[in-house]
Amino acid sequence: MDMKKYLPNVDLEKLGKILAIKEAYQRGDISLDEGRKRLKDQVGKIYPYEIALAEQELKTIEEDECHKEDIQKMIELFEGIMDTTRPSLPLNHPIMCYYRENDEMRKHMHAIEDLVQYPIIKNQWFDLYDQIADFRIHLSRKQNQLYSILERKGFDRPTTTMWLLDDFVRNEIRDARRLIEEGKEEEFLALQPTIIADVLDLLQKEETVLYPTALAMITPEEFEQMHSGDREIGFAWISVEEGISKEAIKENESSAPQSDFASELSALLQKYNLGGGNTDPLLDVTTGKLTLEQINLIYKHLPVDISYVDENELVRFYSDTDHRVFPRSKNVIGRDVKNCHPRTSVHIVEEIIDKFRSGEQDSVDFWINKPGLFIYIYYVAVRDANGRFRGVLEMMQNCTHIRDLEGSRTLLTWANTTPQELQEKTKSMDSKECTLATEKHSSIELTGTTRLQDLLKTYPKLREELPSVNSAFKMLNSPLARIIIPKATLALMSERSGIPLDELISQLQKLIAKYQSE
């Protein structure tokens with residue numbers, strides 16, 4: 001795909017001059033004044049998308065290219081020649097959402113600058129880094145949504161170069177959090193100026209070239225279509241109203257009378273056994289007959305996430321589950337699977353496909369094993385009845401809970417069953433069964449080593465009420481809960497919230513006593 005097709009008329013000779021002057025200045029071959037003079041004399045006014053197009057058309061990809069680019073020097077060079085002001089857009093416009101998140105991220109960086117001046121209070125840093133962690137949502141949406149549509153229009157530099165910088169900054173934030181968790185406070189503080197510099201550099205690169213180029217290449221209709229995928233992945237720190245396109249409203253208005261007529265006609269035909277009543281016909285599947293709605297419901301309720309890449313290495317399908325381990329958006333459909341991964345892992349994707357295609361291998365698995373989190377990933381070659389390669393199926397599951405299971409469960413129990421309800425339920429059991437069941441839900445001894453997930457299994461209402469004990473526990477009702485809960489103990493909760501352990505245990509005992517008396 002040719003990127004130029006989606007931009008106003010561009011002059012490749014002009015682009016060559018821009019790139020040559022920019023690189024000469026960055027190498028130190030010419031001074032800032034000389035670079036500005038050459039740009040003014042040889043080029044004149046520059047649009048951000050011309051920088052993007054010059055990089056795309058005239059420059060070969062270099063490893064870690066985006067990270068090496070000194071954005072501040074480029075802005076200095078183009079000062080007065082290129083417009084870098086923020087566009088005027090509605091608050092809920094996809095690009096404005098990125099700008100708004102950037103503003104929030106800058107506030108977090110200012111908070112770091114403020115905190116480093118004082119002696120470390122861990123709870124303050126934990127709280128700040130818990131908020132900063134949501135930056136990964138911003139990056140995920142950008143990679144899966146914005147990069148995807150630009151790539152389909154021939155602008156794949158974000159996918160091939162900027163993605164590396166995204167992941168570098170994300171990992172840097174993660175590693176800093178790990179340092180303070182491990183008590184390496186001096187190393188943690190020493191890393192903060194680097195984090196601030198790298199984050200601000202990334203934000204500036206987005207705003208100087210990426211977003212203006214996206215605005216030049218993507219149509220209003222395409223931005224409207226992006227809303228759905230953006231909401232699937234989510235937003236960092238900002239609230240975004242539900243948006244409905246004008247086209248969808250018109251289509252809905254025009255189709256409403258027809259829909260009512262179609263329903264009435266269908267009912268009439270069905271009444272007189274003339275057919276037409278079945279609007280969702282049964283489809284022949286390998287072992288049975290299902291409607292399309294039933295097929296979609298089955299996929300939506302599978303305990304594993306599924307993605308399918310066809311024999312042409314294009315993403316064709318993923319299951320849309322509420323418990324999805326990693327985010328996906330509709331923009332990934334029809335995309336080359338290699339462009340759905342950062343360059344650092346593309347070689348692994350290529351090797352899997354090559355070995356599956358050749359028949360050398362049929363499956364391979366990976367797993368992510370972190371404290372309190374175990375993700376299992378399984379790839380299998382899809383072949384037809386004749387053994388012909390038809391693609392790759394990826395299955396992914398958060399198996400943390402499964403790994404934690406011990407002993408056996410042979411009685412029907414529900415996660416939200418209270419001890420009192422269980423006692424009523426077991427009255428009809430024989431004494432041996434009753435003993436087994438009540439032991440499963442007996443009161444848990446509260447100590448520093450008591451695990452939060454064990455408490456919540458027995459007393460699920462605690463999850464909603466813990467934030468009233470201390471605001472630090474609000475995280476238990478956030479998307480991070482699936483990571484926090486499995487590794488949290490009462491001692492860790494005491495440390496993070498600042499509540500003395502004895503006081504925390506006392507508060508929990510009061511809540512538990514209340515549940516038992518209800």
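All residue numbers in this chain count up from 1 along the given sequence.
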Keeping Asp305 on the side-chain end and Ser319 on the backbone end, is there a donor-acceptor pair under 3.5 Å? no
Above 12 or not: heavy atoms from other molecules or residues under 6.0 Å from CD of Glu113? yes
Could you tell me whether the side chain of Phe356 reaches within less than 4.5 Å of the side chain of Gln361, counting heavy atoms only? yes
Just jot down the side-chain contact (heavy atoms from CB on, under 4.5 Å) partners of Pro87, sequence neighbours excluded, or say none. Leu89, Tyr99, Leu215
Listed by chain and number, what are the side-chain contact (heavy atoms from CB on, under 4.5 Å) partners of Gln117, not counting sequence neighbours? Asp114
Would you say the side chains of Asp365 and Tyr376 form a donor-acceptor pair under 3.5 Å? yes
In terms of ring plane angle, is the pair Trp237 and Phe135 parallel, tilted or perpendicular, where the classes change at 30° and 60°? parallel
Do you know the tightest heavy-atom contact between Met3 and Thr213? CE-CG2, 3.9 Å
Side chain to side chain donor-acceptor pair (under 3.5 Å) test vs Ser148 passes for just one of Gln145, Arg152, Glu151, namely Arg152
Given the ring of Tyr98, does Arg141 sit roughly above its face, with NZ or CZ under 6.0 Å from the centre of the six-membered ring and within 45° of the axis? yes
Does any part of the side chain of Phe188, heavy atoms only, come nearer than 4.5 Å to the side chain of Ile120, both counted from C-beta? yes
Output all residues satisfying ring-ring contact (aromatic ring centres under 6.0 Å, His included) with Phe223, sequence neighbours left out; order by chain, then residue number. His93
Flag yes if more than 12 heavy atoms outside Lys37 fall under 6.0 Å of its NZ atom; otherwise flag no. no
Taking the inter-plane angle between the rings of Trp125 and Tyr129 on a 0 to 90° scale, is it parallel (under 30°), tilted (30 to 60°) or perpendicular (over 60°)? tilted
Atom pair CG (Asp362) and CD (Glu360), whose distance is rounded to the nearest 0.5 Å: 10.5 Å
Start with the C-alpha gap between Arg357 and Glu313, add the side-chain angles, then the distance that decides, and say whether salt bridge (charged side-chain N to carboxylate O under 4.0 Å, His left out) holds. CA-CA 11 Å; Arg357 190 187 296 279; Glu313 302 178 19; 3.1 Å; yes
Verdict with reasoning, Arg170 to Asp166, per salt bridge (charged side-chain N to carboxylate O under 4.0 Å, His left out): CA-CA 6 Å; Arg170 181 202 63 201; Asp166 293 343; over 6 Å; no
